[in-house]
Amino acid sequence: MTEPTQTPAALQVDENHIIAERREKLKTWRESGKAYPNDFRRENLAAKLDELYGEKTKEELEATPIQVKVAGRIMLKRVMGKASFITVQDLSGRIQFYVQKDGVGEAVYDDFKKWDLGDIVGGVGSLFKTKTGELTVQCAEIRLLSKCLRPLPEKFHGLTDVEQKYRQRYLDLATNEETRFTFVARSRMIASIRGHMTHHGFLEVETPMMHPIPGGASAKPFTTHHNALDMQLFLRIAPELYLKRLVVGGFEKVFEINRNFRNEGLSPRHNPEFTMMEFYEAYADYQSLMDFTEGLIRHAARESLGTETFDYQGRTLDLSKPFRRMTTVEAIHYHHPGYSLTMLNDAGWLRQKLADLKVEVFPTAGLGTLQMQLFEETTEAELWDPTYIIDYPTEVSPLARRSDKNPDVTERFELFIVGREIANGFSELNDPEDQAARFLEQMKAKDAGDEEAMYYDADYIRALEYGLPPTGGCGIGIDRLVMLLTNAPAIRDVILFPQMRPE
RNA sequence: GGGUGGUUAGCUCAGCCGGUAGAGCAGUUGGCUUUUAACCAAUUGGUCACAGGUUCAAAUCCUGUACCACCCA
């Protein structure tokens with residue numbers, strides 16, 4: 001068991017003359033006997049004031065003064081001798097305070113002049129409009145509520161260093177409006193999805209994050225250890241098998257929005273922990289799930305952005321049109337007409353083509369897998385408009401129901417938008433004997449060296465033996481969906497504290 | 001793993017045909033009672049990522065390492 005790094009060197013923090021000067025100011029504040037008070041109860045939010053009273057004229061505000069009590073962080077400060085303006089920011093936005101020596105008194109004003117950008121203050125006063133018509137709080141009282149010992153990033157450019165944005169998200173949020181917008185939009189989007197699911201009769205549940213047998217996806221798990229039981233546990237790679245156990249139990253419409261963990265590399269599209277929504281509906285199949293998922297995504301866009309058509313990385317994305325549905329072969333042929341349907345159904349031709357493209361192909365790969373590999377190599381990244389790719393090969397879909405028309409493919413879809421996989425769903429495999437056989441195939445693959453192959457989960461088979469109704473299920477990558485809706489190029493931009501190398 | 005670009009003051013950046021470090025912001029001091037990235041004057045602050053090399057002399061040229069970003073596998 002290794003301990004977290006807590007060496008003296010790791011505990012040491014950087015200091016400089018600016019911090020030293022601010023510490024001196026804090027010392028003076030402490031000596032006055034009222035540092036870090038917590039008895040200021042604000043009554044107004046900065047941006048709400050502008051919504052409520054922004055339209056009032058200078059004269060109206062003078063005739064019937066409006067008393068307000070606002071608190072927040074000083075973001076800008078303009079001292080002009082015996083009167084000053086500061087711009088204060090709270091969760092809602094910004095408002096300007098006007099602080100005069102005559103208004104707050106000489107002693108407070110002299111203190112105030114020493115306060116720094118980043119300090120948290122509370123002000124009480126009445127609203128007025130400046131010469132330029134800006135709604136402003138004329139302070140009768142102003143207090144320092146919390147000291148900012150470290151200088152904020154440059155006031156105009158904000159924090160631009162991408163690494164620091166992720167490591168010190170609090171600074172990014174304090175200084176960058178766009179970052180605040182992104183995470184507010186994320187919250188709204190998840191709330192809208194919850195609302196949509198609940199509205200359609202789904203029950204929200206929480207299933208284990210620590211699994212004795214990792215399952216529900218093909219991925220490498222993180223391992224951990226439970227001391228009291230002295231057993232190895234795995235952080236979950238997917239909640240799928242637990243959610244389907246609930247459907248066996250009679251929770252016929254369930255969903256879960258929660259974290260999955262996959263022990264893989266970091267990239268613009270991968271974080272080791274990420275948020276998925278999975279939902280399962282009895283007596284649904286993959287066709288009806290595609291309809292539902294399409295509606296859900298449109299709903300999320302409308303609720304968080306107010307529109308279904310928006311810009312993503314300089315290109316228009318329109319979610320309002322029906323999502324296309326095609327097989328891998330149809331998609332390859334559509335985007336690359338040079339590859340004829342004859343070629344794409346010829347395993348020998350596919351093997352040669354993939355070899356030319358330097359794609360690693362297992363000797364056991366069947367026609368469907370070869371087609372899927374060529375699709376991933378040539379076409380996946382070109383699927384800008386929402387597209388469902390359907391009928392994945394059975395050998396790569398161990399939890400999906402076989403197609404009635406062709407047992408080599410499953411009733412499965414993946415949804416691609418802007419060239420990225422957003423969702424994955426299928427008619428669930430509810431035949432316990434077929435599922436047991438598929439798990440055995442996975443074990444063989446694992447023995448042959450496929451680290452991502454699934455484990456045999458005997459309790460899951462036992463659950464299926466009690467009878468899983470015909471069911472459809474789908475997983476949606478929440479982070480990737482947020483990326484679309486917030487025009488974010490990287491998954492790190494939509495995760496508050498993305499995984500980073502240690503400093 | 002490969003390629004490209006980057007790392008200079010607390011922050012944002014300039015300097016890079018070699019000659020011993022600059023600006024704006026923030027800080028400090030002074031001035032200013034309607035400012036808007038306020039302004040004016042003065043001023044503090046740097047192991048130029050790290051380690052080698054070339055040179056009389058390296059932030060600058062060369063090599064390597066670390067970290068960051070982007071692209072490719």
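Between the side chain of A/R298 and the backbone N or O of A/E308, no donor-acceptor pair lies under 3.5 Å.
Atom CD1 of A/I74 and atom P of B/A38 are 13 Å apart (whole Å). Whole-Å rounding puts the A/H157 NE2 to B/A26 P distance at 13 Å.
A salt bridge links A/D479 with A/R186: the distance from a Lys NZ or Arg NE/NH1/NH2 to an Asp or Glu carboxylate oxygen falls below 4.0 Å. Ion pairing between a basic and an acidic side chain is recognised when a charged N comes within 4.0 Å of a carboxylate O; A/K353 and A/D356 show no such pairing. Of the charged side-chain nitrogens involved, at least one lies within less than 4.0 Å of a carboxylate oxygen, so that A/D116 and A/K147 count as a salt-bridged pair.
Checking B/C67, B/G10, B/U36 against every side-chain atom of A/Q96, the shortest atom distance belongs to B/U36. Closest to the side chain of A/V162, out of B/G10, B/C68, B/U12, is B/C68. Side-chain proximity of A/P151 to the nucleotides B/G10, B/U33, B/C11 is greatest for B/G10. If you check B/U12, B/C67, B/U33 against the side chain of A/E154, the one that comes closest is B/U12. Across B/C32, B/C67, B/U28, the shortest atom-to-atom separation from the side chain of A/K25 is found for B/U28. Nearest to the side chain of A/T130, among B/C25, B/U36, B/U33, sits B/U36. Checking B/U33, B/C11, B/U36 against the side-chain heavy atoms of A/T132 singles out B/U36 as nearest. Comparing atom distances between the A/Y98 side chain and each of B/C67, B/U36, B/U33 picks out B/U33 as nearest. Checked against B/A37, B/U35, B/U34, the side chain of A/F128 finds its nearest nucleotide in B/U34. With B/C11, B/U33, B/U35 as the candidates, the nucleotide lying closest to the side chain of A/Q100 is B/U33.
Taking atom C1' on both B/A66 and B/A57, the two are 28 Å apart, rounded to the nearest angstrom. B/U54 and B/U47 have their P atoms separated by 26 Å, given to the nearest Å. Distance noted for atom P between B/A21 and B/C16: 15 Å (whole Å). Separating the C1' atom of B/C72 from that of B/C13 is a span of 30 Å, rounded to the nearest Å. Separation of the P atoms belonging to B/A14 and B/U8 is 10 Å when rounded to the nearest angstrom. One C1' atom belongs to B/G22, the other to B/U34, and the distance between them is 36 Å to the nearest Å. Taking atom C1' on both B/C25 and B/C67, the two are 26 Å apart, rounded to the nearest angstrom. Between B/G24 and B/G5, the two P atoms lie 31 Å apart (nearest whole Å).
Residue A/Q164 is the one, among A/K77 and A/Q164, whose nearest nucleotide of RNA chain B lies closer to the 5' end (criterion: closest heavy atom). Positionally, the nearest nucleotide of RNA chain B for A/T160 lies more toward the 5' end than for the other of A/K358 and A/T160.
A/Y455 and A/F234 have tilted rings, their planes meeting at an angle from 30° to 60° on a 0 to 90° scale. A/F375 and A/F416 have perpendicular rings, their planes meeting at more than 60° on a 0 to 90° scale where under 30° would count as parallel.
Pair check for B/U47 finds none; no Watson-Crick or G-U wobble contact set falls under 3.5 Å. Checking B/C17 for Watson-Crick or G-U wobble geometry (two distances, each under 3.5 Å) identifies no partner in any strand. Taking a pair to require two hydrogen-bonding distances under 3.5 Å in either a Watson-Crick or a G-U wobble arrangement, B/G52 pairs with B/C62. The partner of B/C25 is B/G10, judged by Watson-Crick or G-U wobble contacts that both fall below 3.5 Å.
A/R501 has no side-chain polar atom (N or O) that falls below the 4.0 Å cut-off from OP1 or OP2 of B/A69. The side chain of A/R78 contributes an N or O atom lying less than 4.0 Å from OP1 or OP2 of B/A38. Listed pair A/K155 / B/A26 meets the phosphate criterion, a side-chain N or O lying under 4.0 Å from OP1 or OP2.
Within a 6.0 Å sphere centred on CD of A/Q232, heavy atoms belonging to other residues, nucleotides or ligands number more than 12. More than 12 non-hydrogen atoms from other residues, nucleotides or ligands lie less than 6.0 angstrom from NZ of A/K58.
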task = I would like to know whether A/E360 and A/Q373 meet side chain to side chain donor-acceptor pair (under 3.5 Å); could you show each step before the answer?
result = CA-CA 9 Å; A/E360 193 190 351; A/Q373 285 186 288; over 6 Å; no

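Looking at residues 113-122 of chain A, you'll see A/D116, A/L117 sit with a heavy atom under 4.0 Å from some atom of RNA chain B.
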